[in-house]
Amino acid sequence: MSRYDASVIEQKWQAAWNEAGSFTATRDESKPKYYVLEMFPYPSGRIHMGHVRNYSLGDVIARYKSSCGFSVLHPMGWDAFGMPAENAAMASNGHPKDWTYTNIETMKDQLRPLGFSIDWTREFATCDPEYYGQQQSMFLDFLEKGMVYRKAATVNWDPVDMTVLANEQVIDGKGWRSGAAVERRELTQWFFNISDYSEDLLNALDGLDDWPDKVKSMQRNWIGKSTGLQFAFSLVDGPHGHDRVDVYTTRPDTLMGASFVGISPDHPLARQLERENEDVAAFCAKCRQMGTSEEELETAEKLGFDSGLTVLHPFDTAWELPVYIANFILMDYGTGAIFGCPAHDARDLEFARKYDLPVNSTFEPVEAEDHVAPENGGEAYVPPKPQPVRYIRGFAGDEIQTGDAGIASAVAFCETNGVGQGITKYRLRDWGLSRQRYWGCPIPVVHCEDCGVVPEKKENLPIRLPDDVTFDVPGNPLDRHPSWRNCDCPRCGKPARRETDTMDTFVDSSWYFARFTAPRADTPTDRAEADYWMNVDQYIGGIEHAILHLLYSRFFARAMNECGMLPDKAREPFDALFTQGMVTHAIYQTTREQDGRPVYHYPEEVDLKDGKAFLKEDGREVQIVPSAKMSKSKNNVVDPLAIIESYGADTARWFVLSDSPPERDVEWTASGADAAFKHLGRVWRLTSEIAALDDGAGKGDADLTRAMHRAIHDVTMGIESFGFNAAIAKLYAFTNTLAKSDAGGAAKRAAAKVLAQLMSPMTPHLSEECWQMLGGEGLVTGHPWPKADEAMLVEDTVTLPIQINGKRRSEITVAKDLPKDAVEKLVLDDAAVQKALDGGAPKKLIVVPGRIVNVVV
RNA sequence: GCCCGAGUGGCGGAAUGGUAGACGCAGCGGAUUCAAAAUCCGCCGGUAGCAAUACCGUGGGGGUUCGAGUCCCCCCUCGGGCACCA
């Protein structure tokens, strides 16, 4: 072999690793363990560059930690339940199971050539009955502990297809297939009691030192702890059984500015009025013609309906406020009712102006000169709570105080006057896990006419999904299956019916990390294995999972701990979290003549020239749309397999790790991949040249050795801090130094061996090959990581830039430990400084030792 | 609408509050070659200048500081999430 041939090298070393069992994780109590996990993929059918990046990042860590002497667990599995499989089945008359397992095989075949250090013996898919059976067993434990319960909840209902829709299946308020206006409908559903853990989930965030602040911040806001006042307005002449409206507010200090009360269309009072009044019924029906997502609710036009009822203000019984039914108030939040204070809430102000309701400020800015009060046409005045304001209609307390103090005064005043009480609330709602779909984990309960809801017996698990189902009509195939739902009541033995709801796929992904510690155990976990391998030392995945998946997993870890399946330390299952950016690519777009709709072209259909793009087919110019997430619908996907075939896995890995910092989005460019390949070829050539050198000393030995230790230090720091792009920049620099060095063969060989080691987490195949050429012992995989000699890192002189008034004007080179006053003297003698001073004395002279000097004149 | 990020040369990006543009790509010039590919060497933010050098420059506008890409305030644009996409 006379040139770098990735296909030969990569197959050779993958076979060697397999034979050596290099990546099989073994519980070895004598060694420290390291569990590195990337978020497992959904088996969509093809791996994409995002996967390559995600697993390359994890593989660097796994291989590095292995070289550092850890017993490493680096598993892989499949998040295999979910809607796309059912959609595919509908589209192609196939079966979700076949589609899913075929995809898994395809994707595994695509992943394997990348040479990741994955322990494939632990692989599983969440749709394996062995996995979901353990999940059912866990569900029964949770049920027994009172952590799962049933209640009514709203879903998106497609009235034409007679089926429940996911939020993404609701497009502009219409069902994606039928096009019918979607309605909100209530169903009885299963819920996990995650909200009981609100305080714990919130407080424990403070201990997650190695999580990104942005993720913790998003979770804090999601949990949404608030303190406020809960109280009741008494209803004037309410319908039978309704004499009050309970309200929760975080701004009780604005109570004297209340101008209306709003209730949800699903509020019991609204429901009552709906029965009595056709107009109310029509309005409520209209409100329900909308999806359930918060985004849709918040962006929809705010509509209200005057119920005709009034309530009394708690502090002035002569003051009556109208009660509106409003489409933006959700029954699931708080009490399903609010009071509106238009002066201090933008949404309430919009509402008040629309329905001509009064606006009364309760406070104004301390400096009020330029302030246009909302009652005079200004904007709603909503200062942050810690900011002092001047109260006009406040409660006991100073006229000028902060919002926080005003709120505290209001709560105290209300409590002493018997109007409500201060309470703490959380925005976090319980987790609804019921799905009216086939391709998910069946909920293992039985409905019996006599016994009600009865848990299935554990010895009957797993409750398997039936295979003989079709998707030719909409709706849940489990519901219409001729026999599947028929069973005997586990309690009384009489004929009963199975639950046909399946579990949210977030349940599957909320404990897979624990299952990887003992994937074949006949209980959900094996405590000895879980105690050894947990926690996940480094978890890596997309920022899009910052809230739901991670919060649900944190909840599950707590629940599993309380059921004895995980140790206490695993209540927070992920010690460190890293969120990587997406892989993006430019979109090549032309416009179809007939109707002006865009046509998207694959990158391989396009030639690039001078920053412009032309169709290979007919030379037409193509519009280049700035990068977007690689997506099938935009055709801007690059197939990793094609890259591997033309350049090799190491090139693909090197490229996705270089250039962009891992937390940021990375743009895939053909030229970048080309450059990565060239560089690897250069390393291969350089190594083969060095391998042929005779031993012996050379002039540059000392310099090269220094550079080698510097490289060890810098690259190690780069890997430790997830600065892989920076580590790679250092590797480029070290390669250049090595190529230009006039050191002798012995020093060069030592340096080249270190280069192979330092590159091995990123380009493991090439590194093995280089290691072998240089006569390295055994495999470089798992070979002890090189250590930098601290003494070799110290420089004895340092170049100090000299700034004059903050602008760099000159520099001096001095001994590293030269005293400050000696530096000052040298600086004042500097020609540029002399010129700037023009005979005078500096106003100020700042010397930052080892860094910089600034002369202020 | 609400929450969380990001924005630096032609491009990807580097920079504990301390020399803005490391490293790479593209481009330009040169070596090698019959020629090309490959490889190697050099230049490479903008404006002015033969040059030394000067001024401008990190999305926009203010501020703090001896010194701001970095910290604070306001704004713009793009991206992620919003509880049934995964």
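In what follows, chains are A, B, ... by sequence order, proteins preceding strands, each numbered from 1. Everything quoted here is computed from the prediction, not taken from an experiment.
Listed pair Arg429(A) / rA83(B) fails the phosphate criterion, with no side-chain N or O lying under 4.0 Å from OP1 or OP2. Within the structure, a side-chain polar atom (N or O) of Thr505(A) is placed less than 4.0 Å from OP1 or OP2 of rA86(B). Between Asn725(A) and rG24(B) there is no side-chain N or O to OP1 or OP2 distance below 4.0 Å.
Whole-Å rounding puts the Leu551(A) CG to rC82(B) C1' distance at 13 Å. As rounded to whole Å, 16 Å separates atom P of rU19(B) from atom CD1 of Ile804(A). Distance Arg437(A) CZ to rC85(B) C1': 10 Å, rounded to the nearest Å. Taking atom CD of Gln219(A) as the reference point, atom P of rA83(B) lies 16 Å away to the nearest angstrom. Across the protein-nucleic acid pair, Asn805(A) atom CG and rC66(B) atom P stand 12 Å apart, rounded to whole Å. Between the CD atom of Glu295(A) and the P atom of rC82(B) there is a distance of 9 Å, rounded to whole Å. Atoms CD1 (Ile846(A)) and P (rA68(B)) sit 12 Å apart, rounded to a whole Å.
No engagement by His679(A) is indicated, since no non-hydrogen atom pair under 4.0 Å with the nucleic acid exists. Nucleic acid contact for Gln169(A): none, since no nucleic acid atom lies under 4.0 Å from a heavy atom of the residue. Residue Gln189(A) is classed as a base contact, given a heavy-atom separation below 4.0 Å to a base. At a threshold of 4.0 angstrom between heavy atoms, the contacts of Pro41(A) with the nucleic acid are absent. No engagement by Gly681(A) is indicated, since no non-hydrogen atom pair under 4.0 Å with the nucleic acid exists. Among the atoms of the strands shown, none is found under 4.0 Å from any heavy atom of Leu845(A). In this structure, Phe506(A) reaches the bases: a heavy-atom distance under 4.0 Å links it to at least one base atom across the strands shown. Using a 4.0 Å heavy-atom criterion, one finds that Asn736(A) contacts the sugar-phosphate atoms exclusively. Residue contacts shown for Ser434(A) include a base, since a base heavy atom lies under 4.0 Å away.
Atom name P, nucleotides rC78(B) and rC73(B): the rounded distance is 23 Å, in whole Å. Of the C1' atoms belonging to rG9(B) and rG57(B), the separation is 10 Å, rounded to the nearest Å. Comparing the P positions of rG18(B) and rC72(B) gives a spacing of 15 Å, expressed to the nearest Å. Rounded to the nearest Å, the gap between the C1' atom of rC56(B) and that of rC82(B) is 44 Å. Across rA54(B) and rA31(B), the matching C1' atoms stand 36 Å from one another, rounded to whole Å. For the P atom pair drawn from rG24(B) and rA15(B), the interatomic distance equals 16 Å after rounding to whole Å. Of the C1' atoms belonging to rC25(B) and rC44(B), the separation is 13 Å, rounded to the nearest Å. When the P atom is compared between rG21(B) and rG45(B), the two are found 9 Å apart, to the nearest whole Å.
With sequence neighbours excluded, the residues that form a ring-ring contact (aromatic ring centres under 6.0 Å, His included) with Tyr512(A) are Phe40(A), Phe516(A). Arg554(A) pairs by the side chain to side chain donor-acceptor pair (under 3.5 Å) definition with Gln219(A), Glu572(A), not counting sequence neighbours. Partners of Tyr381(A) by ring-ring contact (aromatic ring centres under 6.0 Å, His included), not counting sequence neighbours, listed by chain and number: Phe363(A), His371(A). Residues passing the side chain to side chain donor-acceptor pair (under 3.5 Å) test with Arg435(A) are Asp504(A), sequence neighbours excluded. Here Trp431(A) pairs with Phe192(A), Tyr552(A), Phe556(A) under the ring-ring contact (aromatic ring centres under 6.0 Å, His included) rule; sequence neighbours left out.
Between Phe722(A) and Phe724(A), the two ring planes are tilted [angle within 30° to 60°].
Of the candidate nucleotides rU19(B), rC23(B), rC66(B), rU19(B) has the atom nearest to the side chain of Pro801(A). You'll find that the side chain of Pro84(A) is closest to rA86(B), out of rA86(B), rC66(B), rA83(B).
Under a 3.5 Å cut-off, the side chain of Glu86(A) and the backbone N or O of Tyr438(A) do form a donor-acceptor pair. Not a single donor-acceptor pair under 3.5 Å links the side chain of Lys225(A) to the backbone N or O of Lys425(A).
For rG9(B), the glycosidic angle deviates from 0 by 90° or less, giving a syn base.
Applying the 3.5 Å distance criterion, the base of rC66(B) shares no donor-acceptor pair with the side chain of Gln803(A).
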Less than 3.5 Å apart, which donor and acceptor atoms pair up between the side chains of residues 840-857 of chain A and the rest of the protein, not counting sequence neighbours?
{"unit_1": "Asn854(A)", "atom_1": "OD1", "unit_2": "Gly806(A)", "atom_2": "N", "d": "3.1"}

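Centroid-to-centroid, the aromatic rings of Phe677(A) and Phe655(A) stay 6.0 Å apart or farther.
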Check: protein-nucleotides 52-55 of chain B nitrogen or oxygen pairs below 3.5 Å:
{"unit_1": "rC55(B)", "atom_1": "OP2", "unit_2": "Arg809(A)", "atom_2": "NH2", "d": "3.1"}

Would you tabulate the nitrogen or oxygen pairs shorter than 3.5 Å linking the protein to nucleotides 2-6 of chain B?
{"unit_1": "rC3(B)", "atom_1": "O3'", "unit_2": "Asn221(A)", "atom_2": "ND2", "d": "2.7"}
{"unit_1": "rC3(B)", "atom_1": "O2'", "unit_2": "Asn221(A)", "atom_2": "ND2", "d": "2.8"}

Check nucleotides 38-47 of chain B against the protein and report each pair of N or O atoms closer than 3.5 Å, with its distance, or say if there are none.
{"unit_1": "rC40(B)", "atom_1": "OP1", "unit_2": "Arg682(A)", "atom_2": "NE", "d": "3.0"}

Please produce a list of atom pairs where a protein N or O lies less than 3.5 Å from an N or O of nucleotides 70-76 of chain B.
none

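Annotation for Phe555(A) and Leu201(A): closest pair N-CD2, 4.1 Å, computed over non-hydrogen atoms.
Judged by a 6.0 Å distance limit and a 45° cone about the ring axis, Arg427(A) is positioned over the six-membered ring of Trp222(A).
Within a 6.0 Å radius of NZ in Lys835(A), other residues, nucleotides and ligands contribute 12 heavy atoms or fewer. Taking a 6.0 Å sphere around NZ of Lys816(A), one finds it holds 12 or fewer heavy atoms contributed by other residues, nucleotides or ligands.
Salt-bridge formation is not detected for the pair Glu663(A)/Lys214(A): no Lys NZ or Arg NE/NH1/NH2 atom is positioned less than 4.0 Å from an Asp or Glu carboxylate oxygen. Using a 4.0 Å cut-off between a side-chain N of Lys or Arg and a carboxylate O of Asp or Glu, Asp266(A) and Arg288(A) qualify as a salt bridge.
Residues from residues 847-857 of chain A with heavy atoms under 4.0 angstrom of RNA chain B, sorted by number: Val848(A), Arg851(A), Ile852(A), Asn854(A), Val856(A).
Consecutive pairing runs in RNA chain B reach the stem threshold at B:1-7 with B:76-82, B:10-12 with B:23-25, B:27-31 with B:39-43, B:45-48 with B:53-56, B:59-63 with B:71-75, where a stem means at least three Watson-Crick or G-U wobble pairs with distances under 3.5 Å.
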